[in-house]
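First comes the structure, then the notes that go with it.
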Amino acid sequence: MSATHDVVIIGGGLVGASLAIALETTGLDVALVEAAPAAAMPAVFDERNLSFAEATVNALAHLGVMTRLRAPTGAIERIHVSRRGDFGRIRLAAADYGRACFGQVVVARDFGEALEARLGDVAGLTRHRGTRFTALGVAADGVREVHVEGGAASVLRARLVVAADGMRSGVRAALGIDAGEHDYGQVLLVARLRASRAPDGTAYERLGDDGPTALLPRGDRAWGLVHGVAIADAARVQALDEPAFLAHVQDAFGWRVGRLLEAGPRSAYPAVAVTAAETVAARAVLVGNAAQSLHPIGAQGFNLGLRDAMTLAELLATQAAAGADPGDPALLAAYAARRAEDRSRTLAFSHGFARLTSNPAPGVTLLRSLGLMALDAVPALQAGLVGGAMGYRGDVPAACRAEAG
């Protein structure tokens, strides 16, 4: 007899693990299917620098994850955006909005360790580790069969299946949900940098024809680099020795933090956006990168995915309190409706900003420069930008608001 769970989450990465923790107090029977074995961390928990918006910090504090971080975080107190070859810039200060900071910079590896520590305390959670999703059965008799391999079970039964298995989601494909894809023709190189000026709470984003070069203030007094290069040039740049790589980044970024002195190991990630045509199906829901993956410009991806998870957890908690079916079509429709505005606006911002800022056409350069100047000078325009950057778009889950604790 296969096990039956109220909720089966496929994917133990950033969003899937966060959702499993968020469901702890609902009384639901939850299972988490994780491809990584017990002795290993998922590959997503690497040296990447994650920029947590204020709403994300609030939610993770509510879940008891922030206190499990062992390494210090880097507060983003100011944001500075400019573009090479354009005039104008955007300067934002959290103090102008009554905030100590806009958010926090966290190394993905540290976040993964904090999530793992917190997951270990979640009562009643069944973890299928070293287990891979292979197929879905049809929705019938109030459940879906989930076929897996590599672990103790081969078939799980779920009243609700949650796809949190990333951009190339196998669950999404099994559900027959189409996904649009846009390749930006860029590769993002990620590394830890040390410069002659230590971080002072400012997050820099220097835009260019081949993508952004961002320097984020880490908590270890180093900078977190995200550097965009054209696909055709990516292998050459990644292979540069350390002095040549530092010179290359210095040329792209400039001298706002002084001379770049040291660079750690580099990782490369293609800049590809994938957007699912639907986020729900019969007894199934997509969250995080399975629903949408974004260009990393503006650091919106994980923040958007966590709001998916927290909204779903909120709805499931209400459903569980009423003793109702967690896979009820009405609940799934409510989820899709509540996520629609945040999802559409964030996708539009990310895609539009990435396309606009990498366009070298002379006419675009003039309009873009005027736009940068307007955003720097007009408080009303800044306020809208700041609200989105801090994670407050659309119907915000209660746990993402500061008053949630």
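Values below: all heavy atoms of this structure, side chains included; hydrogens, waters and symmetry mates excluded. Note that this is a predicted model, so its numbers are computed, not measured.
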- prompt: Salt-bridged, Arg393 to Glu341, with N to O below 4.0 Å?
  reply: no
- line: Nearest heavy-atom approach of Ala309 to Val15 is CB-CG1, 4.0 Å
task: Return the minimal non-hydrogen interatomic distance between Arg206 and Ser82, and the atom names on each side.
output: NH1-OG, 2.9 Å
field: Verdict with supporting geometry, Arg259 and Gln250, side chain to side chain donor-acceptor pair (under 3.5 Å)
entry: CA-CA 7 Å; Arg259 182 176 295 280; Gln250 190 94 65; 5.0 Å; no
message: Could you tell me if the side chain of Ile9 sits less than 4.5 Å from the side chain of Val30, heavy atoms only?
response: yes
message: Determine whether Leu189 and Leu225 satisfy the following criterion, side chain to side chain contact (heavy atoms under 4.5 Å, CB included), listing intermediate values before the conclusion.
response: CA-CA 8 Å; Leu189 301 179; Leu225 170 71; 5.8 Å; no
Any side-chain heavy-atom pair of Leu136 and Val171 under 4.5 Å: yes
- prompt: Is it true that a side-chain atom of Ser169 and a backbone atom of Asp165 form a donor plus acceptor pair closer than 3.5 Å?
  reply: no
task: Take Tyr335 and Val287, measure what side chain to side chain contact (heavy atoms under 4.5 Å, CB included) needs, and give me the verdict at the end.
output: CA-CA 10 Å; Tyr335 169 81; Val287 298; 3.6 Å; yes
- prompt: Side chains of Val249 and Leu260: does their closest heavy-atom pair fall under 4.5 Å?
  reply: yes
field: Donor-acceptor under 3.5 Å (Asn58 side chain, Cys400 main chain)
entry: yes
- request: Could you grab the distance from atom CG of Asp325 to atom CZ of Arg159, nearest 0.5 Å is fine?
  value: 7.5 Å
- line: CH2 (Trp223) and CG (Leu261) are apart, to the nearest 0.5 Å, by 12.5 Å
message: Please give me the minimum heavy-atom distance between Val229 and His227, naming the atom from each residue.
response: CG1-NE2, 3.3 Å
- prompt: Glu77 side chain to Thr202 main-chain N or O, any donor-acceptor pair under 3.5 Å?
  reply: no
field: Backbone of Ala20 reached by a side-chain donor or acceptor of Glu24 within 3.5 Å
entry: no
message: Applying side chain to side chain donor-acceptor pair (under 3.5 Å) to Asn49 and Arg218, what does each step give before you reach the verdict?
response: CA-CA 8 Å; Asn49 306 285; Arg218 291 169 49 126; 3.1 Å; yes
message: Under a 3.5 Å distance rule, please check whether Glu34 uses its side chain to pair with a backbone N or O of Thr131 as donor and acceptor.
response: no
- prompt: Parallel under 30°, tilted from 30 to 60°, perpendicular over 60°: which one fits the rings of His248 and Phe245?
  reply: parallel
- prompt: Rounded to the nearest 0.5 Å, how far apart are OG1 of Thr275 and CG of Asp178?
  reply: 12.5 Å
Check: Glu262 side chain, Glu242 main-chain N or O, donor-acceptor pair, under 3.5 Å: no
- line: To the nearest 0.5 Å, atom SG of Cys101 lies from atom CZ of Phe52 at 12.5 Å
message: A side-chain contact here means heavy atoms from C-beta on lying under 4.5 Å apart; do Ser18 and Val65 qualify?
response: no
Main-chain N/O of Ser51 paired to Asn303 side chain as donor or acceptor, under 3.5 Å: yes
- request: May I ask you to test the Leu160-Val8 pair for a side-chain heavy-atom distance under 4.5 Å?
  value: no
Short side-chain to backbone donor-acceptor contact, Arg144 and Ala282, under 3.5 Å: yes
task: Kindly give the heavy-atom pair with the smallest separation between Gln238 and Ser267, and that separation in Å.
output: NE2-C, 4.2 Å
Side-chain touch Val272/Val274, heavy atoms, less than 4.5 angstrom: yes
message: With a 4.5 Å cut-off on side-chain heavy atoms, are Pro212 and Gln186 touching?
response: yes
message: Would Arg256 and Tyr204 count as a cation-pi pair here, with the cationic atom under 6.0 angstrom from the ring centre and within 45° of the axis?
response: no
query: More than 12 non-hydrogen atoms from neighbouring residues, nucleotides or ligands closer than 6.0 Å to CZ on Arg132, yes or no?
result: no
task: Please report the C-alpha distance between Leu215 and Val257 in whole Å, then the side-chain angles of each, then the deciding distance to 0.1 Å, and finally whether the side chain to side chain contact (heavy atoms under 4.5 Å, CB included) criterion is met.
output: CA-CA 9 Å; Leu215 287 185; Val257 300; 3.7 Å; yes
task: Would you mind checking if Glu278 and Arg172 are paired as a salt bridge, meaning a charged N to carboxylate O distance below 4.0 Å?
output: no
task: Check the angle between the aromatic planes of Phe45 and Phe111 and answer parallel, tilted or perpendicular using the 30° and 60° thresholds.
output: perpendicular
- line: When rounded to the nearest 0.5 Å, the distance separating CG of Asp29 from CG of Asp6 is 5.5 Å
message: With a 3.5 Å distance limit and no angle check, can you tell me whether Glu145 reaches the backbone of Arg157 through a side-chain donor-acceptor pair?
response: no
field: Side chain proximity check, Arg343 to Thr279, heavy atoms < 4.5 angstrom
entry: yes
query: So, are Arg68 and Glu116 salt-bridged, with charged N and O less than 4.0 Å apart?
result: no
message: Could you check whether any side-chain N or O of Ser293 sits under 3.5 Å from a backbone N or O of Asn289, counting only pairs where one atom can act as donor and the other as acceptor?
response: no
field: Shortest non-hydrogen separation from Val280 to Leu332 and the atoms involved
entry: CG1-O, 3.6 Å
Smallest separation among heavy atoms of Phe102 and Met390, with atom names: CD2-SD, 3.8 Å
Nearest-0.5 Å distance, OG1 of residue Thr73 to CG of residue Asp220: 11.0 Å
Charged N-O contact under 4.0 Å between Asp342 and Arg307: yes
message: Run the side chain to side chain contact (heavy atoms under 4.5 Å, CB included) test on Leu316 and Leu331 for me, step by step, so that the C-alpha distance in whole Å, both residues' side-chain angles and the decisive distance to 0.1 Å come before the verdict.
response: CA-CA 8 Å; Leu316 285 170; Leu331 179 143; 3.9 Å; yes
